[in-house]
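First comes the structure, then the notes that go with it.
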Amino acid sequence: MTRPSLFSLTLSLPLLIWQLAFFAVPLLFLIAISFWTVRNFQMMPDLNFGNWERILTRGTFWDAYARTALLATASAVLTSAIAFPAAYAISFKLSERVKQWVIFVLIIPFFTSYLVRIYALQVFLSDGGIINAALGMLGVGPFGMLNTTFGTLVGMVTLCLPLVILLQVFSLNFVNRDFVEAAHNLRCGRLRTVFSVIVPSARVGLVIAALFAFILSFGDFVSPLYLGGGNPPTLSILITDITKSGQQWPRAAVVALMMIGTLLTVAFAAITYAHKERGK
């Protein structure tokens with residue numbers, strides 16, 4: 001077993017410092033304040049398990065938890081399903097020059113604020129918005145899309161879709177084209193080739209893309225509030241409601257730690273599945 005050199009350890013030192021400064025230390029501080037007590041609207045250092053008991057025994061928390069998990073799962077599934085045909089076409093059907101321009105176009109949404117895009121979606125989804133106006137010309141509608149679960153999912157998919165397409169494209173680019181040609185030579189149809197050859201070969205990238213969609217949606221605050229109406233709340237909205245109620249930052253820290261624990265568990269399970277060998 002080769003030992004890491006001093007040079008490689010030196011190069012990895014900035015990453016270690018970054019992780020300690022911006023992840024490990026804030027996480028430890030968050031764990032600490034979850035046991036503090038609030039007196040006269042001020043946090044006092046303490047070892048009080050009452051915050052955990054109060055949050056974890058409330059049906060409001062578990063309702064918000066289930067709602068957030070379901071929304072994030074639905075967003076990850078929908079985004080992955082919508083993104084895959086686009087990523088497949090970009091990776092397998094377009095020339096390299098056109099592919100570069102399409103990837104550039106997919107990056108453009110990240111140049112604008114997510115909040116601005118959500119405000120723009122309100123114009124489309126409102127009862128008197130662009131979509132209902134177009135449907136009215138066809139003699140149907142209006143349909144209530146704003147301040148609904150549908151509106152929340154639209155916002156989440158809008159947030160995740162460009163990133164998921166990019167990740168899927170990068171994953172599909174590494175699929176061995178010889179395997180695809182071999183499948184065609186064995187008289188496999190296009191659909192069977194996609195699900196029997198391409199998807200298994202790109203499984204790691206596809207799972208990671210879906211994982212990013214889940215993570216972004218699980219912690220999303222903007223879409224549930226401005227497109228979903230904020231009621232009933234998700235976990236991110238619940239945190240703001242708790243902090244506004246008597247400056248209860250320790251209880252909000254409990255909710256945040258439950259979110260972090262969930263995301264770490266889902267990420268570990270997804271990465272384990274992505275790297276799991278077929279047939280095992």
Would you say the side chain of [Y] lies within less than 4.5 Å of the side chain of [X], judging by non-hydrogen atoms?
{"X": "R39", "Y": "D46", "value": "yes"}
{"X": "F84", "Y": "T79", "value": "no"}
{"X": "N48", "Y": "W36", "value": "no"}
{"X": "P233", "Y": "N231", "value": "yes"}
{"X": "C188", "Y": "S196", "value": "no"}
{"X": "P250", "Y": "V38", "value": "yes"}
{"X": "T243", "Y": "Q248", "value": "no"}
{"X": "L166", "Y": "I107", "value": "yes"}

Working for side chain to side chain contact (heavy atoms under 4.5 Å, CB included), residues I271 and V204 | CA-CA 8 Å; I271 293 173; V204 174; over 6 Å; no
Between [X] (side chain) and [Y] (backbone), is there a donor-acceptor pair under 3.5 Å?
{"X": "S80", "Y": "V77", "value": "no"}
{"X": "S75", "Y": "L71", "value": "no"}
{"X": "R177", "Y": "V175", "value": "yes"}
{"X": "S34", "Y": "I31", "value": "yes"}
{"X": "N132", "Y": "F143", "value": "yes"}

Would you say that more than 12 heavy atoms from the other residues, nucleotides or ligands in this model lie under 6.0 Å from the [atom1] of [X], or not?
{"X": "W101", "atom1": "CH2", "answer": "no"}
{"X": "W52", "atom1": "CH2", "answer": "yes"}
{"X": "F179", "atom1": "CZ", "answer": "no"}
{"X": "F35", "atom1": "CZ", "answer": "yes"}
{"X": "R190", "atom1": "CZ", "answer": "no"}
{"X": "F174", "atom1": "CZ", "answer": "no"}

So, for [X] and [Y], which heavy atoms are closest and what is the spacing to 0.1 Å?
{"X": "L227", "Y": "G155", "result": "CD1-CA, 3.6 Å"}
{"X": "Q168", "Y": "L206", "result": "CG-CD2, 3.6 Å"}
{"X": "G205", "Y": "S171", "result": "CA-OG, 3.4 Å"}
{"X": "S236", "Y": "G219", "result": "CB-O, 4.1 Å"}
{"X": "P224", "Y": "M156", "result": "CG-CE, 4.0 Å"}
{"X": "M145", "Y": "L125", "result": "CB-O, 3.6 Å"}

Should L106 and I90 be marked as a side chain to side chain contact (heavy atoms under 4.5 Å, CB included) after you check the CA-CA gap, both sets of side-chain angles, and the distance that decides it?
-> CA-CA 11 Å; L106 289 171; I90 294 170; 4.1 Å; yes
Please round to the nearest 0.5 Å and tell me the distance separating atom [atom1] of [X] and atom [atom2] of [Y].
{"X": "S91", "Y": "I165", "atom1": "OG", "atom2": "CD1", "answer": "13.0 Å"}
{"X": "W249", "Y": "I239", "atom1": "CH2", "atom2": "CD1", "answer": "9.5 Å"}
{"X": "R187", "Y": "T193", "atom1": "CZ", "atom2": "OG1", "answer": "13.0 Å"}
{"X": "I242", "Y": "K244", "atom1": "CD1", "atom2": "NZ", "answer": "12.0 Å"}
{"X": "L263", "Y": "L211", "atom1": "CG", "atom2": "CG", "answer": "8.5 Å"}
{"X": "K99", "Y": "K93", "atom1": "NZ", "atom2": "NZ", "answer": "12.0 Å"}

For residues [X] and [Y]: do they belong to one hydrophobic cluster (side chain heavy atoms under 4.5 Å, members Ile, Leu, Val, Met, Phe, Trp, Tyr)?
{"X": "I130", "Y": "L146", "answer": "yes"}
{"X": "V102", "Y": "L167", "answer": "yes"}
{"X": "V105", "Y": "I82", "answer": "no"}
{"X": "W62", "Y": "M259", "answer": "yes"}
{"X": "V254", "Y": "F29", "answer": "yes"}

Decide side-chain hydrogen bond (donor to acceptor under 3.5 Å, both in side chains) for D220 and S223; before the verdict, give the C-alpha distance in whole Å, the side-chain angles of both, and the deciding distance to 0.1 Å.
-> CA-CA 7 Å; D220 188 12; S223 291; 3.0 Å; yes
Cation-pi, F61 ring and R54 (6.0 angstrom, 45 degrees) =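 No, R54 and F61 do not form such a contact.
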Run the numbers on T234 and Y65 for side-chain hydrogen bond (donor to acceptor under 3.5 Å, both in side chains), then give the verdict.
-> CA-CA 7 Å; T234 57; Y65 185 93; over 6 Å; no
In sequence, state the C-alpha distance, the side-chain angles, and the governing distance for F92 and I198, and then conclude on side chain to side chain contact (heavy atoms under 4.5 Å, CB included).
-> CA-CA 11 Å; F92 285 90; I198 296 176; 3.9 Å; yes
Given L30 and I33, is the side chain to side chain contact (heavy atoms under 4.5 Å, CB included) satisfied, shown in steps?
-> CA-CA 5 Å; L30 195 65; I33 68 172; 4.2 Å; yes
Looking at residues at least two apart in the chain, or sitting in another chain, which of them share a side chain to side chain donor-acceptor pair (under 3.5 Å) with N51?
->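 Here no residue qualifies.
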Any pair with a residue in residues 205-245 that passes ring pair (Phe, Tyr, Trp, His ring centres under 6.0 Å), sequence neighbours left out, goes on the list, sorted by first then second residue, please.
->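 For residues 205-245: Y119-Y226, F214-F218.
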F22: ring pair (Phe, Tyr, Trp, His ring centres under 6.0 Å) partners, not counting sequence neighbours |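 W18.
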